[in-house]
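The sequence lines fix the lettering, A, B, ..., with proteins before strands; numbering per chain opens at 1.
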Amino acid sequence: MIEHFKIEQLDLVFGKNSKKVFQALDAGQSREHIHQELKHVIAVQNVNFSVYKSEILVIMGLSGSGKSSLLRCLNGMNGRTIGKTRGQILYLDAETNQRINLIECPKNHLRKIRKHQVSMVFQQFGLMPWRTVSENVAFPLEIQGIKSTERIKQVEEKLEIVGLAKWKSHYPHELSGGMQQRVGLARAFVTQADVLLMDEPFSALDPLIRKQLQDEILELQQKFKKTIIFVTHDFSEAIKIGSRIAIMDAGKILQIGTPQDIIENPACENVKRFTEDIKGTHTFLT
Amino acid sequence: MQKLPIGAWAQDGVNFLTQFFENQFRFVSDSIASIIEKFISLLMWFPPLAFIITSLILIFIVKRSIKNILVISFCFLAILNLGYWEETLETMTLVLFATLISTFVGIPIGILCAHHSFIYAIMRPVLDLMQTIPTFVYLIPTLMLFGLGMAPGLISTIIFAMPAVIRLTYLGISNVPHALLEVADSFGANSWKKLSSVEIPHAWQSIKTGISQCMMLSLSMVVVAALVGADGLGKPVVQALNTVNISKGIESGMTIVFVAILLDRIFANSSQKIGAVR
């Protein structure tokens, strides 16, 4: 299996004086201590994992566990203007087929990767209220500098895939939450990116729509073989969608493995707490 | 106790400027005056009725509202009837130029303020000063630097009206939700793209409000502008005041009100429509 991302000893700190915090971390001080004494938040601490090509890796944890912060490291949105990262995020650049460290790579290069290779879906959809559905989907293509005739063609194709072709000239507020997130999906697909970062994309939706979109995402994944990193706080969503699950707590990854692995052999008490609820209802897994 | 030498400093500063840069200031003043005068004579070239009908047609095409057209045509005809057509055109030109310059200078300053907190920290007291200092106070130095005429009137008007544009641009841009900026970031937008396709569209309502406020504030300066020799509706008001002429005062005063209604009906944006879409 090809490693699309390889993350090694990643730390992420929020606050002004990251240097001091990294020193304190190296001296073995705890996250709580640093939070109280130095008033800095350690969002991610000593994280190591890989993301394989065309898998769905679910990062699962409660709120405040650092899962969304970790996700935003993978396209460099955390660690530059917001927060400071250290360690390695080795990314397999599709253009050059070489591994580059996202923490050190120049800003332009990072922007290029975001434009063409890694796109993102947001919890609150992130649609622009003054743009129609198709204008929203066209937004990444505008950034890529693609001509408007070509844009229209690609946008319509993607709206067809998510079943919103009829709604293309409506505004986001005229759509239901589920449809708005479909627009978000179409927008993420339109860039032809191989990697999708999904930040609790279905958490704001009601259960029926959520289930429907989960099925759709699995279907799309079957069809287009994207590498998806999916953040959620819902364990049943994690086992439904994930090829593998990474469980996070307090900025660290507690365990990473297939859903079955995690349910059968939870690494520690904290992991066990997540799995216990699920065991009764999903007997098919055991 | 020693008095703070604020007055002396200001005096020295203005003296210094007049002594060494008088020609430059006069050049600016003359060019502004000549541009404005050319524009006014262009407007005067149209027969008033032709001007009114053309503008009514244009306004109807944009606004599509009969009620608006009725109010606007009443104002135009009332002004024409009272005999202040030329002064009205002069005032409108002054307001138009003041608003245009305030917009083109104010919006970038507002954006800079929203992006860099230290610039806002510097600009805040400056804006407060521009809006609160009594206008007559800076009429004296502007008069010394630019002489009598349209230029000092325009500049005083801009000083008073521009803060509205800056403040509302600042407000609009700094209220852009972080989530939308994050979206633009995540798709690799650079700062220009973020500004042009997220920040400005989101702040657009606020910026438009700033521009229309700026326009009204400019109009409220006509009388003051007349004191430094700017042509327009302020002049008859000042004359009426000096000669205690009640009928002239009321006529010219009402004309200013009609102009205000006109500007409001023509330029107040149909924001309700777009606002509802959000």
Name the region of [X], side chain, backbone, both or neither, that has any atom closer than 4.5 Å to a heavy atom of chain B.
X      : answer
A:R131 : side chain
A:L110 : neither
A:M120 : both

If every non-hydrogen atom of B:L180 is compared with every non-hydrogen atom of A:L127, which pair is closest and at what distance? CD2-O, 3.6 Å
Can you tell me how far the CD atom of A:Q124 sits from the CD atom of B:E182, to the nearest 0.5 Å?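 Going from CD on A:Q124 over to CD on B:E182, the span is 11.5 Å.
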Residues, nucleotides or ligands: over 12 heavy atoms within 6.0 Å of [X] [atom1]:
X      : atom1 : result
B:K194 : NZ    : yes
B:R124 : CZ    : no
A:F224 : CZ    : yes
A:K168 : NZ    : no

Check against side-chain contact (heavy atoms from CB on, under 4.5 Å), B:D185 and A:R80: CA-CA 12 Å; B:D185 255 334; A:R80 282 168 192 252; over 6 Å; no
Full working for side-chain contact (heavy atoms from CB on, under 4.5 Å) between A:V190 and B:F187: CA-CA 11 Å; A:V190 86; B:F187 288 107; over 6 Å; no
Max heavy-atom pairs within cutoff under 4.5 Å with chain A, candidates B:S197, B:A179, B:S186, goes to B:S186
